[in-house]
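First up is the structure itself, then whatever we jot down about it.
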Amino acid sequence: MSEKKVRVRFAPSPTGALHIGGVRTALYNYLFARQQGGELIFRIEDTDSNRFVPGAEEYIIESFRWLGIKFDEGVSFGGDKGPYRQSERREIYKQYVQQLLEAGKAYIAFDTPEELEAKRNEIQNFQYDARTRGLMRNSLTMSKKEVDDLIADGKQYVVRFKIEPGEEVLVDDLIRGEVRIKTDILDDKVLYKSADELPTYHLANIVDDHLMEVTHVIRGEEWLPSAPLHVLLYRAFGWADTMPRFAHLPLLLKPEGKGKLSKRDGDRLGFPVFPLEWHDPKSGEVSSGYRESGYFPEALVNFLALLGWNPGTEQEVFTMDELIKAFDISRCSKAGAKFDYKKGIWFNHEYILNSPAEKIAELFAPIVANNGIDATMEQVIKVTAMMKDRVNFVSELWPLCSFFFIAPEQYDEKTVKKRWKENSAQVMMELVDVLDGIDDFTIEGQEPVVMAWVQSKEYKLGDVMNAFRLCLVGEGKGPGMFDISAFLGKQETIKRIKKAVEVLG
RNA sequence: GGUGGGUUCAUCUAGUGGCCUAGGAUACCGGCCUCUCACGCCGGGUACACGGGUUCGACUCCCGUACCCACUACCA
């Protein structure tokens with residue numbers, strides 16, 4: 001319809017670490033913006049001064065930097081529609097609140113929280129609306145003078161939106177289709193609080209989205225019930241013709257059991273619910289993050305993108321660019337998705353599989369060094385190339401391949417029992433002689449010679465190789481035997497065999 | 001309680017009236033590969049919430065019931 005440039009926003013409250021569901025919402029906004037050639041705005045919704053948590057804003061920005069989700073404007077990103085922090089937009093909101101007041105579309109209410117609480121106890125299912133506002137202390141029931149005097153007196157008040165009953169509001173949702181709600185069941189929402197001179201979410205959201213020329217509001221399903229209120233606000237301001245389109249995303253649910261995904265589920269089942277490690281400044285509590293747990297940002301993004309959306313093809317592994325091309329908001333599912341964290345692990349495995357050994361080795365090298373090993377980068381790359389496809393996380397690499405760098409101190413009991421035969425010691429000593437005679441100790445140099453010897457002696461290949469493995473590794477695991485011996489070199493290989501023969505006899 | 005949203009394998013999901021004896025992926029189990037352990041490959045399993053319609057025909061459309069989720073704050 002319109003030729004307007006697509007503009008979307010992600011607007012978190014700085015009340016703590018960014019929840020994984022929020023990350024997904026931001027990702028969908030990003031994919032949509034990029035695909036449409038539009039822009040993504042980062043706005044901070046800090047209209048609740050009581051819930052502000054220091055460091056949260058920086059945490060959120062750093063999270064997106066790590067994930068590769070880039071904003072075009074907003075807090076810390078520049079732009080000419082700022083300020084992008086709602087606490088810095090007080091004067092703007094005041095002006096629009098005034099506009100609503102003057103048009104008779106909102107009114108001032110003096111009821112204290114205690115009075116409201118009393119009313120709720122007095123009347124069951126009490127709701128501040130057309131039926132009850134005549135019973136309350138507000139500018140609808142008081143004279144203008146009374147109201148002016150109270151304000152002049154410094155009495156605290158709120159501004160409430162005057163909802164007219166008897167109407168049906170239509171919300172046209174990109175994911176859910178047409179949702180209709182009767183205004184009778186809506187309450188006169190608080191739009192502004194004089195106490196901190198700040199609006200509530202609803203007012204700030206509409207004013208900012210309008211002023212920032214937002215064209216699509218992509219947010220969590222928890223906002224669906226208040227979407228009609230937002231539609232009504234656009235109308236009250238006379239902005240109905242430029243009202244953004246809405247898309248309400250399904251929620252992320254607990255992996256097992258009922259309810260929405262919480263931090264406790266992560267702690268219990270052993271997966272992070274935050275992108276980065278979070279240190280709560282109040283409680284001092286530390287929560288694990290995907291980054292610190294060894295996930296690749298690309299894998300997390302890929303995993304999250306497929307949780308609640310699918311391309312309609314059988315492709316599952318996507319780069320960010322591929323996601324941008326394939327994304328289609330109308331293909332988002334409507335039902336909440338249980339958080340399938342095991343699939344997230346699989347995605348990480350896929351990324352390791354598809355990454356060159358050099359890249360994984362860069363991450364593995366510090367781990368090798370931390371274990372007190374003085375290895376060259378070339379050695380680390382060699383080991384990584386042999387072992388990386390077997391793990392889900394880089395951190396799993398070391399326990400699997402420390403034997404490349406450290407000779408076994410002891411020999412796994414079960415493997416000894418199974419693989420160390422009567423004549424193993426003798427065969428291994430023969431093998432030492434065979435190996436000692438090989439000048440070219442590469443895989444290609446060793447293999448034919450050793451194989452020929454095994455054949456000539458009519459030994460069983462398995463018996464020789466498994467005993468050989470036990471000598472070099474200390475247990476029955478690892479890549480091909482000649483890969484290991486070639487890496488170790490002639491001297492170390494022979495040394496380990498002799499040591500094993502000595503210990504195992 | 002009220003309002004809105006939702007309901008396909010254990011899990012994420014494909015499916016827009018006949019292509020569905022319901023497809024893919026994860027997890028699990030089994031096999032293959034093989035000098036071991038993995039990886040990989042191949043294979044396996046009791047899924048359309050239930051009940052009524054509409055229709056020649058329903059997983060797909062309509063109604064009801066059940067269950068789940070969200071919202072119901074001077075929080076977002």
Side-chain angles (χ1 to χ4, degrees), chain A residues 11-15 45-48 50-51 86 109 111-113 116-117 120 124-125 127-128 156-160 171 173 175-177 179-182 184-187 189-196 198-202 204-205 219-228 248 250-251 253 255-256 258-260 303 306-317 331 333-347 349 352-353 387-391 400 415 418-419 450-451 454 460-470 473 475-482 484:
Chain A
S13 289
T15 55
E45 308 219 329
D46 53 348
T47 53
D48 184 357
N50 302 317
R51 295 213 303 161
Q86 290 185 331
D111 318 275
T112 63
L116 287 171
E117 188 52 38
R120 286 188 189 107
Q124 64 174 154
N125 293 333
Q127 184 168 277
Y128 211 121
Q156 305 273 285
Y157 63 90
V158 298
V159 174
R160 285 181 181 270
V171 178
D173 190 280
I175 295 172
R176 285 153 212 284
V179 177
R180 288 163 214 279
I181 294 186
K182 293 192 173 60
D184 301 55
I185 58 110
L186 264 25
D187 66 330
K189 272 276 177 302
V190 170
L191 299 180
Y192 179 85
K193 318 152 264 175
S194 71
D196 52 9
L198 242 21
T200 60
Y201 171 85
H202 305 289
N205 194 261
R219 73 219 314 190
E221 190 183 358
E222 70 268 28
W223 293 108
L224 190 54
S226 49
H248 290 93
L251 266 23
L253 273 21
E256 47 190 53
K258 299 169 183 178
K260 63 177 184 197
F303 166 51
L306 274 290
L307 211 54
W309 170 83
N310 77 82
T313 66
E314 280 174 7
Q315 184 178 358
E316 292 209 274
V317 177
R331 289 197 62 87
S333 47
K334 298 181 179 80
K338 287 195 171 157
F339 194 72
D340 188 6
Y341 65 96
K342 287 188 175 165
K343 193 125 184 200
I345 294 171
W346 176 77
F347 273 110
H349 175 71
I352 288 184
L353 234 47
M387 306 297 281
K388 78 175 176 66
D389 290 356
R390 311 155 86 98
V391 301
L400 237 47
T415 315
K418 192 172 174 195
R419 307 295 189 191
V450 175
M451 288 306 190
V454 170
K460 278 173 75 178
L461 183 64
D463 288 352
V464 178
M465 297 306 259
N466 285 317
F468 189 17
R469 177 176 301 279
L470 185 58
V473 179
E475 47 189 312
K477 65 173 190 188
M481 270 323 293
F482 300 111
I484 301 174

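We name chains A, B, ... by the order of the sequence lines, and we start the count at 1 in each one.
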Taking the [atom1] atom in each of [N] and [M], what is the distance between them to the nearest angstrom?
N     : M     : atom1 : answer
B:C62 : B:C69 : P     : 25 Å
B:G23 : B:G45 : C1'   : 16 Å
B:C59 : B:A47 : C1'   : 11 Å
B:A73 : B:U13 : C1'   : 37 Å

Using the salt bridge (Lys or Arg N to Asp or Glu O under 4.0 Å) rule, take A:Glu221 and A:Lys260 through it: C-alpha gap first, then chi angles, then the decisive distance, then the call. CA-CA 12 Å; A:Glu221 190 183 358; A:Lys260 63 177 184 197; over 6 Å; no
Base, sugar-phosphate alone, or nothing: which one does [X] contact when heavy atoms must sit under 4.0 Å apart?
X        : result
A:Thr15  : nothing
A:Asn466 : sugar-phosphate
A:Gly220 : nothing
A:Pro228 : nothing

For [range], give me one character per nucleotide, 5' to 3': B if any protein heavy atom sits under 4.0 Å from the base, S if the only such contacts are to the sugar-phosphate, - if neither.
range                        : value
nucleotides 60-66 of chain B : -------
nucleotides 67-76 of chain B : -SSSS--BBB
nucleotides 38-51 of chain B : BSS-----------

Compare every heavy atom of A:Arg419 with every heavy atom of A:Asn466, then report the nearest pair and how far apart it is. ND2-NH1, 3.2 Å
Which one is paired to B:G1, where only Watson-Crick or G-U wobble pairs with both distances under 3.5 angstrom count? B:U72
